[in-house]
Enquirer: 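This is the structure I want to talk about, given as structure tokens.
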Amino acid sequence: MTAIPPVSDSSRPEPRPRQLVINEDQEALRTAVRDLLSDHASWASVLARAETDAPYDISLWERLSHDLGVTGLLIPEEFGGAGGNARDLAVISEQLGAFVAPVPFLGSAVLATAALVAVRSEPVASELLRRLAGGETTATLGISATTVPGGVLSTTVQSVGGLLTGTVTPVVDLAAAEHIIVLTWDEGEPALYAIAPDAATAVVSAITPLDLTRPIGGLELAAAPGRLIVRGDPALAAVATALVTGAAMLAAEQVGVAQWALDTTVAYLKDRHQFGRPIGSFQALKHRMAQVWRRVGLARAAALAAADALAGESDPDEIARVVAVAASYCSETSVFATEEMIQLHGGIGMTWEHPAHLYLGRAKADELILGAPDQHRTRLADLVGLPGS
Amino acid sequence: MTAIPPVSDSSRPEPRPRQLVINEDQEALRTAVRDLLSDHASWASVLARAETDAPYDISLWERLSHDLGVTGLLIPEEFGGAGGNARDLAVISEQLGAFVAPVPFLGSAVLATAALVAVRSEPVASELLRRLAGGETTATLGISATTVPGGVLSTTVQSVGGLLTGTVTPVVDLAAAEHIIVLTWDEGEPALYAIAPDAATAVVSAITPLDLTRPIGGLELAAAPGRLIVRGDPALAAVATALVTGAAMLAAEQVGVAQWALDTTVAYLKDRHQFGRPIGSFQALKHRMAQVWRRVGLARAAALAAADALAGESDPDEIARVVAVAASYCSETSVFATEEMIQLHGGIGMTWEHPAHLYLGRAKADELILGAPDQHRTRLADLVGLPGS
Amino acid sequence: MVDADVRGRIARLVDEYAAGDPSRPPVDRGAFLGSRFDAGLAWVHFPRGLGGLGLPRTAQIAVEGEFARLGAPATAQADNVIGYGMAAPTILEFGTAEQRDTLLRPIFTGEDIWCQLFSEPGAGSDLAAVATRAVRDGDDWVVTGQKVWTSFAHTAKWAILLARTNADVPKHRGLTYFIADMTAPGVEVRPLRQLTGEAEFNEVFFTDVRVPDSARLGDEGNGWAVAQGTLMNERMAIGGGATRESGMLGKLAGLWRDRPELRRPALHDRLMQLWVEAEAYRFSSERQRQQLLAGRPGPDGSGSKVTYAQLNQGSTALELEVLAAEGLHHEDWSLRRPTESNWLAGGATHRYLRTKGNSIEGGTSEILLNVIAERVLGLPREPRTDGSPTGKDVPR
Amino acid sequence: MVDADVRGRIARLVDEYAAGDPSRPPVDRGAFLGSRFDAGLAWVHFPRGLGGLGLPRTAQIAVEGEFARLGAPATAQADNVIGYGMAAPTILEFGTAEQRDTLLRPIFTGEDIWCQLFSEPGAGSDLAAVATRAVRDGDDWVVTGQKVWTSFAHTAKWAILLARTNADVPKHRGLTYFIADMTAPGVEVRPLRQLTGEAEFNEVFFTDVRVPDSARLGDEGNGWAVAQGTLMNERMAIGGGATRESGMLGKLAGLWRDRPELRRPALHDRLMQLWVEAEAYRFSSERQRQQLLAGRPGPDGSGSKVTYAQLNQGSTALELEVLAAEGLHHEDWSLRRPTESNWLAGGATHRYLRTKGNSIEGGTSEILLNVIAERVLGLPREPRTDGSPTGKDVPR
């Protein structure tokens with residue numbers, strides 16, 4: 001039989017194909033990040049740090065910031081940043097995922113930064129962006145970690161006369177943040193404030209995380225003094241932009257996690273012998289790894305498309321569609337790849353001293369952060385006119 | 001590592017375990033049906049008949065009726081039947097599935113008979129049951145083939161003064177039926193009528209079926225004279241009983257289809273050589289067949305439970321729950337097993353002259369008949385208190 | 001995508017035939033396509049003089065888009081899938097000058113329809129086990145054997161043929177690749193009816209068919225390598241819909257959108273999973289195209305056909321479930337012999353049945369997963385039990 | 001299910017201890033279980049005098065139900081899973097009269113906790129590759145080697161041990177099965193922390209540990225066959241919840257029912273698919289029990305452990321998705337060493353992580369699928385590349 005290509009409907013050409021291969025500058029960035037992480041973020045050190053009181057690798061974060069400009073990448077040059085775009089940031093995110101590096105990248109360099117860039121002309125935002133760009137400080141977005149992009153935003157935090165009261169939990173990278181960007185309800189309209197942790201009024205408590213490599217925390221505000229960044233619709237728009245940017249970067253991270261799981265499992269299957277053969281010569285296992293590889297390839301294409309949409313697309317609904325596709329597909333691929341890794345490593349992958357569980361925990365937590373796959377698909381259904389009923 | 005059994009909650013013992021192995025009488029019945037079908041329903045003859053004007057094997061149907069009493073099995077002894085129960089009937093249904101036998105079993109011996117048994121004290125029902133028991137006539141239930149058990153019943157057929165008008169389509173085994181039991185709306189209340197096909201007033205038209213081995217038809221009624229069987233709630237209850245009985249028998253049939261697909265594929269994998277080996281020695285294929293086998297085992301247990309519930313359970317909600325489980329699981333298993341059969345036969349399974357497609361068509365059509373798997377699960381969710389939202 | 005020079009050539013050609021003018025009589029497609037070939041606008045990545053301009057392979061998409069925009073007649077691809085997708089690139093790569101000069105143009109114009117004679121009843125996934133014999137006799141080869149799964153055999157003038165010319169060497173090395181005249185004495189074509197009811201394929205019997213040595217493609221004994229090139233071209237041709245919601249998934253999504261009364265909430269997430277995977281597949285296809293364009297072809301293409309088959313099968317299966325009662329009805333079981341491939345034209349049950357072949361034809365998904373595991377991931381081959389059997393040793 | 005005589009025995013025993021009377025001080029469990037053993041009410045399918053009454057195996061369920069109904073203390077099964085499920089049936093089948101007389105009773109009472117020393121770092125799925133050596137020295141064997149994945153090693157008095165006594169014969173034939181004293185000199189137990197944070201398992205190192213020949217179970221060189229019997233008992237012990245909505249699925253269903261605010265329509269059909277499969281699994285387990293009772297054991301049990309693992313993993317994965325924000329929180333990563341197994345007692349993330357082991361421990365799902373394909377379906381074995389290697393040849 002002959003495989004016959006489908007008849008394509010050439011009457012609906014795409015306006016502009018997305019840029020889906022990384023360029024030479026991005027390739028160089030990728031190599032630099034990878035080299036730095038190889039030198040300074042071995043999984044053994046990540047595991048050793050996980051249960052300590054210092055779950056973040058601050059010196060690694062400083063290197064990423066100072067040597068590679070990671071913290072300022074998304075920040076316009078006028079604020080001292082590199083003026084890069086989401087495609088550049090995704091290159092870094094993927095590598096940080098591949099090393100499950102314990103740095104506050106998602107909270108600070110993605111979520112808080114994207115929110116502030118969206119309202120960069122506001123004085124408080126400008127000031128924070130300058131300090132973030134230089135790596136002088138670290139921030140996070142004070143919003144529940146599982147908020148779904150594109151949904152109706154809500155907050156239980158009230159601000160009265162610049163004093164904030166309420167609870168936000170769980171928040172990613174809270175413990176590392178000197179500034180927390182909080183969405184509040186302020187005399188009848190939404191507003192974005194910056195607050196600083198404080199033992200009396202803005203209490204940060206650690207939450208034991210499923211993902212040992214990405215700390216989360218709870219924030220309890222009791223008349224905490226905040227600095228107003230912006231109020232009204234721009235506040236909501238800034239948070240919405242941060243969420244969609246975060247989901248796209250998370251997708252890239254998940255590709256990194258999945259690729260690591262694939263590479264590590266393939267290597268193990270070549271090495272481990274049972275019944276006088278490398279177990280990677282057993283066809284059932286080969287087919288399963290081929291399926292993981294196939295899905296990682298699709299996930300990578302989707303994550304690149306999402307980053308490209310953020311970088312260059314002008315229609316916000318189209319950005320939301322492409323990001324939802326990536327978030328859904330990359331989440332499931334990353335969980336699938338790490339679960340296959342655990343299974344095909346047999347007993348050794350079940351032990352604490354093997355890194356597999358760090359990646360499993362990351363993959364499963366990432367699946368929930370910024371919306372589970374089904375939630376992205378539910379949102380997508382609205383955006384493509386395929387309602388559930 | 002050690003596999004540790006789950007702690008079971010012994011505070012909630014089952015009141016009475018279902019009877020899940022067939023007894024000696026049923027074993028003998030099974031053998032008799034199987035022998036008869038082996039002699040008279042080869043797939044080659046089924047395939048040859050499929051495109052002819054005589055899609056039913058009437059002589060086979062008469063043998064099943066006269067030699068084995070299949071048509072009277074479910075009918076009480078007082079009407080000349082065998083007074084058997086759903087467990088006995090399921091034994092036959094499974095074997096008819098294994099041979100994709102082209103006989104009006106589902107329409108006549110299951111759906112119409114179960115509806116009539118439910119109102120057996122009504123004169124028209126009694127009379128029809130006596131004739132069905134003796135194999136003198138054949139009937140079907142004039143209701144859309146994809147009606148889901150347990151849902152709200154509706155009909156577009158109106159009866160005015162005993163004359164029925166409306167359309168019912170698609171109806172299983174319509175072409176073979178001398179009597180059609182039709183649910184109507186009769187002066188403000190539901191009523192069950194028996195009608196006979198008639199070229200002027202009760203027109204039966206054939207519909208080209210996906211399943212070549214189970215003809216379906218459309219029924220167009222234009223003031224067709226009907227005989228009233230019963231009216232009011234008993235009419236609805238009779239149809240409901242027929243549907244749930246039909247779904248349970250269909251589950252048993254699907255087990256037969258799935259088992260045939262499994263056996264046939266295993267045999268092919270042992271026989272077919274490529275790369276100097278029987279392809280059944282390739283581990284990826286072995287694991288896939290083992291998964292089919294595992295699921296067929298679960299499906300058989302579920303189908304036996306459904307038949308047992310119909311035969312002996314007094315709580316109609318519990319019957320509905322167990323039948324929904326079987327209908328959902330056996331449907332999916334049968335489609336899965338036949339799709340794996342097609343794939344693992346390679347090109348040969350794609351040809352018209354190989355029987356695989358007869359089973360694929362049966363499995364996919366059965367999946368839709370009397371409710372698709374998701375519809376059974378939606379109904380089940382109501383019955384076990386797990387609403388969708 | 002293409003420069004002004006190429007756009008100019010296209011415009012002149014369309015003007016010459018007044019092809020875009022609806023007030024004029026319809027253009028003769030064969031003549032127009034012949035002129036396209038002569039102008040280097042057939043396959044623009046082919047060399048000048050052979051239908052091309054030596055442009056990058058990826059320029060073809062823009063060229064077709066431009067012709068379509070100007071209202072020119074479509075190519076003959078749908079009638080001549082094997083000719084376009086398999087024969088032409090293989091002839092270009094392995095053919096003699098004379099073969100290239102004479103055979104390529106009538107492929108493009110659709111004058112010569114081609115078919116492919118590779119698979120045999122005993123040589124499916126294990127293609128190197130082909131048993132059809134070609135015995136040298138003077139300047140000819142005498143070919144005898146049975147081929148199967150041959151699309152277009154009933155309309156074809158020519159075939160690409162894989163036959164065994166030496167049974168005494170390891171089985172991969174005894175094969176030679178030929179161009180066979182389907183109208184020659186001794187060629188018999190029988191329709192092979194498939195599970196949809198129609199006969200898209202054929203069985204082809206060769207009985208002492210004489211094939212001149214000048215119709216050999218590549219060296220004697222080098223047939224395996226030539227065939228691998230052909231199959232690579234075939235698998236690459238599975239491009240995936242270039243547009244969102246194309247193909248089988250498009251049918252499903254359209255049904256869901258247009259028929260609200262059929263929607264069931266319990267099926268919605270499956271629909272959306274397919275939608276998402278189809279979109280990821282579309283991005284992946286575009287990424288492969290860009291990698292090729294950038295001169296850095298990636299290995300992702302090996303998985304594309306597996307994904308394509310899964311998506312098609314998943315979409316059509318769900319379509320029947322959504323249709324419910326309507327899904328019980330098949331449009332037509334009659335034995336037809338289609339001469340063009342358009343799987344979207346039929347009904348939902350036809351799509352469901354036909355796409356079952358997508359994971360079998362052109363290399364089963366199982367073989368492709370093996371290829372990925374071994375060639376891309378470098379996992380060890382399974383221990384071979386057939387060693388390097390000669391053609392004689394292959395079990396039939 | 002059990003006759004009046006048995007019910008009478010149970011009632012008398014419970015009366016004797018006044019175990020059902022809440023006004024009396026709590027009954028000493030060990031003493032009570034000792035009396036149960038002596039009355040033949042421990043494992044009622046065991047022979048009289050060895051804790052049983054020679055009844056059918058299936059009568060045990062009714063006996064336990066009757067004890068529970070009368071308020072008697074629970075058995076020691078949860079503390080002594082290996083003793084109950086693996087050591088006791090193996091000792092019954094292969095043990096000497098003295099071994100049976102002395103070892104079975106303290107297993108049942110929970111006085112002697114047992115562990116299992118089979119797996120090694122180099123011998124997982126390929127269990128016949130065990131490298132732990134036992135060398136004959138007078139009336140003793142001197143055992144040296146490393147075992148792994150040992151539950152209960154830190155609480156165990158005794159171990160069932162598989163060791164190599166002959167390295168010069170094919171690897172399956174050089175093994176012997178022993179009962180080892182875990183308190184003997186040279187035995188070292190180290191906790192093996194697992195992905196949940198706790199150390200349910202241990203590594204066990206034997207350095208010149210002396211095991212008397214009287215502690216051999218079965219003949220020298222027959223260890224493989226004895227171990228297969230043990231593993232069969234282990235896999236059969238995976239019974240599945242006897243009640244609807246038990247186990248992991250029960251946790252998921254309970255969450256969905258009790259927390260309406262967490263429900264998402266897109267997850268509902270997955271929930272119901274798991275519910276349906278769990279119910280089919282429950283029917284299948286009951287069917288296996290009835291087949292056994294009818295003296296016609298079927299092969300379905302081979303698939304049960306695969307189903308069990310899939311269900312547990314599917315249910316716990318979905319539970320975390322339903323929990324969303326709460327699913328990001330793990331209760332406790334601290335290094336604990338549990339002495340009893342109850343996976344339902346922990347949190348949802350613990351269940352998710354722990355059940356990953358269900359498809360590995362006690363025979364991986366891959367090995368079980370091989371067993372089904374070859375022994376149940378009769379599909380051909382893969383070509384073996386290790387021939388019948390001797391113990392010396394096994395790669396480490």
Side-chain angles (χ1 to χ4, degrees), chain B residues 1-14 17-21 262 266 269-270 277-278 280-283 285-291 293-295 297-302 304-305 321-322 324-326 328-330 332-333 373-374 376-378 380-381 384-389, chain D residues 64-65 68 78 81-82 85 116 119 149 151 201 234-235 237-239 241-243 246-247 253 256-257 263 265 268-269 271-273 275-277 279-281 283-284 286-287 290-291 294 300 303 305-307 341-344 357 360-362 366 369-370 372-373 376-377 379-383:
Chain B
M1 277 186 273
T2 302
I4 295 174
V7 175
S8 70
D9 180 356
S10 57
S11 66
R12 289 192 298 170
E14 288 288 285
R18 307 224 161 274
Q19 180 58 35
L20 299 175
V21 291
L262 171 64
V266 166
L269 294 181
K270 290 176 185 173
R277 300 162 52 171
S281 70
F282 284 99
Q283 197 198 33
L285 308 193
K286 288 162 76 169
H287 279 198
R288 284 164 68 170
M289 293 320 294
Q291 291 286 17
W293 174 85
R294 184 182 67 78
R295 287 179 58 171
L298 292 173
R300 174 167 282 114
L304 285 163
R321 280 188 281 266
V322 179
V325 165
S328 165
Y329 199 80
C330 297
E332 293 192 340
T333 298
D374 71 286
H376 289 290
R377 290 191 293 266
T378 298
L380 179 64
V384 299
L386 292 169
S389 58
Chain D
E64 298 299 346
V81 170
I82 309 293
Q116 175 204 352
S119 293
W149 311 124
S151 320
F201 306 115
E234 179 182 15
R235 287 170 197 165
I238 303 292
T243 54
S246 56
W256 189 276
R257 198 174 280 121
R263 294 176 195 155
H268 186 244
D269 199 49
L271 166 71
M272 292 312 299
Q273 283 175 6
W275 203 100
V276 163
E277 185 153 357
E279 192 72 354
Y281 175 61
F283 290 135
S284 168
E286 174 61 22
R287 177 166 146 83
Q290 292 180 10
Q291 285 176 321
D300 284 8
K305 188 172 166 292
V306 177
T307 304
S341 286
N342 185 352
W343 303 336
L344 294 173
I360 298 171
E361 56 206 346
E366 290 74 24
L369 293 173
N370 277 352
I372 292 167
V376 181
L377 300 177
L379 287 167
R381 298 180 70 90
E382 289 198 84

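As the structure is a computational prediction, the values presented were derived from the model and not from experiment.
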Enquirer: With heavy-atom distances below 4.5 Å as the criterion, would you say the side chains of B:Ser281 and D:Arg381 are in contact?
Expert: no
Enquirer: Between B:Arg295, B:Arg300, B:His376, B:Glu332, which shows the greatest number of heavy-atom pairs under 4.5 Å with chain D?
Expert: B:Arg300
Enquirer: Highest number of heavy-atom pairs under 4.5 Å with chain D: which of B:Gly280, B:Gly388, B:Gly297, B:Ala301?
Expert: B:Gly388
Enquirer: If every non-hydrogen atom of B:Leu298 is compared with every non-hydrogen atom of D:Tyr281, which pair is closest and at what distance?
Expert: CD2-CA, 3.6 Å
Enquirer: For a side chain to side chain contact (heavy atoms under 4.5 Å, CB included) with D:Leu369, tell me which candidate from B:Arg288, B:Lys286, B:His287 qualifies.
Expert: B:His287
Enquirer: When rounded to the nearest 0.5 angstrom, what distance separates OH in B:Tyr329 from CD in D:Glu279?
Expert: 12.5 Å
Enquirer: Report the residue from B:Asp374, B:Val325, B:Leu386 that forms a side chain to side chain contact (heavy atoms under 4.5 Å, CB included) with D:Met272.
Expert: B:Leu386
Enquirer: Over all heavy atoms of both residues, which pair between B:Ala290 and D:Ile372 is shortest? Give the atoms and the distance, please.
Expert: CB-CG2, 3.7 Å
Enquirer: Report yes if some heavy atom in the side chain of D:Gln290 is under 4.5 Å from a heavy atom in the side chain of B:Gln19; otherwise report no.
Expert: yes
Enquirer: Mind checking what makes side-chain contact (heavy atoms from CB on, under 4.5 Å) contact with D:Pro265, not counting sequence neighbours?
Expert: B:Ser389
Enquirer: Would you check if there is a donor-acceptor pair between the side chains of B:Arg294 and D:Thr307 at a distance under 3.5 Å?
Expert: yes
Enquirer: Relative to chain D, which of B:Leu285, B:Val21, B:Thr378, B:Leu20 shows the most heavy atom pairs under 4.5 Å?
Expert: B:Leu20
Enquirer: What heavy-atom pair brings D:Phe283 and B:Ala302 nearest, and what distance separates the two atoms?
Expert: CD1-CA, 4.1 Å
Enquirer: So, using side-chain hydrogen bond (donor to acceptor under 3.5 Å, both in side chains) as the criterion, who are the partners of D:Glu64 when residues are at least two apart?
Expert: D:Arg36, D:Gln60
Enquirer: Verify, without hydrogens or angle tests, whether D:Arg257 (side chain) and B:Val384 (backbone) share a donor-acceptor contact under 3.5 angstrom.
Expert: yes
Enquirer: Mind listing the closest non-hydrogen atom pair of D:Gly303 and B:Trp293 along with its distance?
Expert: N-CZ3, 3.9 Å
Enquirer: If I measure from the heavy atoms of chain D, does B:Pro387 come under 4.5 Å with its side chain, its backbone, both, or neither?
Expert: both
Enquirer: Could you tell me which non-hydrogen atom of B:Lys270 sits nearest to which non-hydrogen atom of D:Leu377, and how far apart they are?
Expert: NZ-O, 3.0 Å
Enquirer: Rounded to the nearest 0.5 Å, what separation is found between the OG1 atom of B:Thr333 and the CD atom of D:Glu277?
Expert: 8.0 Å
